Amino acid sequence: MSTPPLTTLNDEEQMFRDSVRRFARERIGPHVRAMDDAAAFRKDLLGEMFELGLMGIEIPEEFGGQGGSFFLSVLAIEAIAEVDPAAAVIVDVQNTIVNNVLIRWGTPEQKAKYLPRLASDTVGAFALSEAGSGSDAFALSTRAVRNGNEFRLSGRKLWITNAAEAGVYLVFANANPEAGHKGITCFIVERDTPGFQVGKKEDKLGIRASSTCELILDDCPVPAANVLGELGKGYKVAIETLNEGRIGIGAQMVGLAQGALDHSLSYARQRKQFGQAIAEFQGIQFELARMATAAEAARLLVYNAARMRDASVPFVTEAAMAKLYSSEIAESNASRAVEVFGGVGFTKDYPVEKLYRDAKIGRIYEGTTNMQMLTIAKQLLGR
Ligand SMILES: Cc1cc2nc3c(=O)[nH]c(=O)nc-3n(C[C@H](O)[C@H](O)[C@H](O)COP(=O)(O)OP(=O)(O)OC[C@H]3O[C@@H](n4cnc5c(N)ncnc54)[C@H](O)[C@@H]3O)c2cc1C
């Protein structure tokens with residue numbers, strides 16, 4: 001049997017992608033502008049995403065999930081991002097990060113307790129970054145002090161996606177600072193834990209409907225049973241999760257790049273200047289051709305990395321390349337789209353200015369562009 005082309009979808013993948021695309025266009029689409037203005041994601045849409053199984057794509061069926069592949073998560077993120085990159089990151093963090101950590105590192109008890117909730121009604125968040133530790137993530141200063149059968153967590157987390165809506169937080173804290181990064185441990189923290197508080201919500205340039213907040217932990221008691229993965233192995237949980245997660249960010253950026261192209265195509269066909277549609281001008285055609293080629297090239301990188309991950313072959317460099325490139329071309333496609341629209345592209349009456357703002361985050365979160373290049377260079381130089 002010959003190997004199918006990378007972008008060829010099997011029946012399950014095709015049906016799933018089509019249904020997510022329909023949901024995104026029909027249900028999310030009409031609210032994108034208002035949610036961006038309000039900097040808030042609608043609760044009813046979140047509920048619909050749970051009902052459609054979009055918040056538990058890889059969660060095994062025995063825990064109420066879809067029992068799907070990582071590649072299906074990537075398809076969902078891409079399809080939603082074509083319409084709204086902010087909605088896409090909510091689904092992205094839940095599936096490629098939070099659910100993934102529990103599926104991979106959770107004990108049978110932790111899986112039985114948390115996966116059914118994450119698949120049905122509970123948003124999750126991943127809390128690694130702090131004010132003083134971003135790219136240098138393991139310099140984190142949140143501390144966990146053992147106290148009998150529990151740990152007491154104290155510190156502050158910053159930039160936590162989904163924090164406003166979440167019920168469960170994966171919080172990284174150092175339980176043995178003398179051991180350096182080998183003291184870092186991942187804890188499952190529930191929202192109603194005493195001493196735990198969701199702090200200031202950031203007022204952002206883009207993906208405004210996705211919440212990004214500070215977390216405050218003040219002597220927060222967390223049962224020892226909520227250590228996720230081994231004590232002192234949190235750095236491994238974080239690195240390996242983010243290695244996968246950034247393929248999801250690549251998918252978000254591919255969807256955004258495609259959305260920018262789709263809007264440009266339809267506008268170029270109907271906007272007339274000099275007595276004809278601007279799509280008739282070669283200058284505009286060349287812009288569209290470049291945008292389509294960039295989106296396709298990025299898609300190939302993302303699909304390849306995702307399929308490598310599902311095939312359990314090493315994918316770290318490919319994932320870094322996928323995220324690096326997709327975030328670059330998302331920005332350039334969104335910029336070109338604003339220009340294809342001309343003056344109206346610069347206003348909030350049309351959707352492309354939002355894509356231009358949304359694109360910027362792709363080069364920052366889950367490892368900045370520089371950090372992706374360091375990963376790729378390390379592999380090139382055999383370090
Ligand atoms: C909207 C949003 C959502 C986020 N969501 C989450 C989340 O859910 N969970 C979470 O834990 N974090 C989250 N983050 C945090 C995000 O991962 C960090 O912002 C990111 O890793 C960069 O860290 P920093 O902001 O501290 O920048 P810094 O690390 O201070 O970087 C500043 C600049 O210095 C460069 N730089 C730093 N070190 C090097 C180096 N060694 N070599 C070359 N250049 C370098 C960087 O590339 C960057 O250009 C989010 C951030 C944002 C803005």
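Atoms within a ligand are numbered from 1 in the order they appear, just like the ligands themselves. Only this structure's heavy atoms are used, side chains among them; waters, hydrogens and symmetry mates stay out. These figures come from a predicted structure and were not determined experimentally.
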**Request:** Keeping the roles fixed (side chain from D218, backbone from G195), state whether a donor-acceptor pair exists under 3.5 Å.
**Result:** no
**Request:** Measure from the side-chain N and O atoms of Q372 to the backbone N and O of G367, and report whether any donor-acceptor pair falls under 3.5 Å.
**Result:** yes
**Request:** Would you please indicate if the ring centroids of F341 and F346 are separated by under 6.0 Å?
**Result:** no
Measure from every N or O atom of ligand 1 to the protein's N or O atoms and keep only the pairs below 3.5 Å, writing each with atom names and distance to 0.1 Å.
residue  : atom   : partner : partner atom : Å
ligand 1 : 5 (N)  : W159    : O            : 2.7
ligand 1 : 5 (N)  : T161    : OG1          : 2.7
ligand 1 : 8 (O)  : T161    : N            : 2.9
ligand 1 : 8 (O)  : T161    : OG1          : 3.3
ligand 1 : 9 (N)  : F126    : O            : 2.8
ligand 1 : 11 (O) : L128    : N            : 2.9
ligand 1 : 11 (O) : S129    : N            : 2.8
ligand 1 : 11 (O) : S129    : OG           : 3.2
ligand 1 : 12 (N) : S129    : OG           : 2.7
ligand 1 : 14 (N) : W159    : O            : 3.4
ligand 1 : 23 (O) : S135    : N            : 3.4
ligand 1 : 29 (O) : S135    : N            : 2.9
ligand 1 : 29 (O) : S135    : OG           : 2.6
ligand 1 : 44 (N) : N370    : ND2          : 2.9
ligand 1 : 47 (O) : T368    : OG1          : 2.6

**Prompt:** Are there more than 12 heavy atoms of other residues, nucleotides or ligands under 6.0 Å from atom CG of D11?
**Reply:** no
**Request:** Please say whether more than 12 non-hydrogen atoms of neighbouring residues, nucleotides or ligands are located less than 6.0 Å from CG in N149.
**Result:**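 It does not: N149 CG has 12 such atoms or fewer within range.
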**Request:** Kindly write out the residues that satisfy side-chain contact (heavy atoms from CB on, under 4.5 Å) with A139, not counting sequence neighbours, or none if the list is empty.
**Result:**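 A139 satisfies side-chain contact (heavy atoms from CB on, under 4.5 Å) with S133, D136 only.
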